Visitor: 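So that we are looking at the same thing, I have put the structure below in structure tokens.
Below, each value reflects all heavy atoms present in this structure, side chains not excepted, and no hydrogens, waters or symmetry copies. The shown structure was predicted, so the numbers you read here are calculated from the model rather than taken from an experiment. All residue numbers in this chain count up from 1 along the given sequence.
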Amino acid sequence: HIFIIRQQKRKDISEIEAKINDMHVTLQNKIQCSKDIEKIQEYNGLKLSLQNLHSEGKERENEIDNLRKQISDFQSSMLQNEEQDLRTRYKEAQRKEIKMKKKLSLLKEDLKLQRMSSDDAHAYLLNKV
């Protein structure tokens, strides 16, 4: 009878040890799953940070492109203004040149008339009209 009790106790102890081993394996699996979940969360966090950096980089690129366009537009505008200013000054210079030529022509004619006698000057002016 004692032999059966001992055999039963050994069986019970073996079952308990098997359950402890199963629990230990289950616990180890849960710990590993927990570590894996932490790694996945860390990976997802890093991935999100990278996406944010990428978005910020794109925003900066867009800002730089906008600034380049503004600079280009400003330079183009400045060149157009400068070109327009030069054209205006050139036209003014042409007008002044025409006025000066007319004035020079009148002065030459006046000088010519002053060198002529009054009768010749009178005849010259009548022919001109």
Visitor: side-chain contact (heavy atoms from CB on, under 4.5 Å) between Asp110 and Leu106: does it pass, once the steps are laid out?
Guide: CA-CA 6 Å; Asp110 190 37; Leu106 289 173; over 6 Å; no
Visitor: Compare all side-chain heavy atoms of Leu111 with those of Leu107 and state whether any distance is below 4.5 angstrom.
Guide: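 Heavy-atom side-chain distance check fails, nothing below 4.5 Å.
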Visitor: Rounded to the nearest 0.5 Å, what's the gap from CD1 on Ile40 to NZ on Lys47? Could you check?
Guide: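 Reported value, rounded in 0.5 Å steps: 11.5 Å.
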Visitor: Do any side-chain atoms of residues 19-26 form donor-acceptor pairs under 3.5 angstrom with protein atoms, and if so which ones, sequence neighbours left out?
Guide:
residue: Asn21; atom: ND2; partner: Glu17; partner atom: O; Å: 3.4
residue: Thr26; atom: OG1; partner: Asp22; partner atom: O; Å: 2.8

Visitor: What's the spacing between Asn66 CG and Ile71 CD1 if we round to 0.5 Å?
Guide: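 Taking CG in Asn66 and CD1 in Ile71, the distance rounds to 11.0 Å.
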Visitor: How many angstroms lie between OG in Ser118 and NE2 in His122, if you round to the nearest 0.5 Å?
Guide: 9.5 Å
Visitor: Which side chain to side chain donor-acceptor pair (under 3.5 Å) pairs, counting each pair once, include a residue from residues 27-45, with sequence neighbours left out?
Guide: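 Matches after skipping sequence neighbours: Gln32-Asp36.
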Visitor: Among Lys9, Arg10, Gln8, exactly one meets side chain to side chain donor-acceptor pair (under 3.5 Å) together with Asp12. Which residue is that?
Guide: Gln8
Visitor: With salt bridge (charged side-chain N to carboxylate O under 4.0 Å, His left out) as the rule and sequence neighbours excluded, what pairs involving residues 65-86 come up?
Guide: Asp65-Arg68, Lys69-Asp73, Glu83-Arg87, Asp85-Arg89
Visitor: Return the set of residues passing side-chain hydrogen bond (donor to acceptor under 3.5 Å, both in side chains) with Gln94 (not counting sequence neighbours), or none when no residue passes.
Guide: Tyr90
Visitor: Could you give me the CA-CA distance, side-chain angles and deciding distance for Asp120 and Ser117, then say whether side chain to side chain donor-acceptor pair (under 3.5 Å) is met?
Guide: CA-CA 5 Å; Asp120 289 341; Ser117 65; 3.2 Å; yes
Visitor: Less than 4.5 Å apart, any side-chain heavy atom of Arg60 and any of Glu63?
Guide: yes
Visitor: Can you confirm whether Lys58 sits close enough to His54 that some side-chain heavy atom of one is under 4.5 Å from a side-chain heavy atom of the other?
Guide: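 In contact.
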Visitor: Run the side-chain hydrogen bond (donor to acceptor under 3.5 Å, both in side chains) test against Asn81 and tell me which residues pass, sequence neighbours left out.
Guide: none
Visitor: Just grab all the salt bridge (charged side-chain N to carboxylate O under 4.0 Å, His left out) pairs involving residues 94-106, residues at least two apart or on different chains.
Guide: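 Only Glu97-Lys101 qualify under salt bridge (charged side-chain N to carboxylate O under 4.0 Å, His left out).
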Visitor: Quick one: does Ser49's side chain have a donor or acceptor within less than 3.5 Å of a partner on Gly45's backbone?
Guide: yes
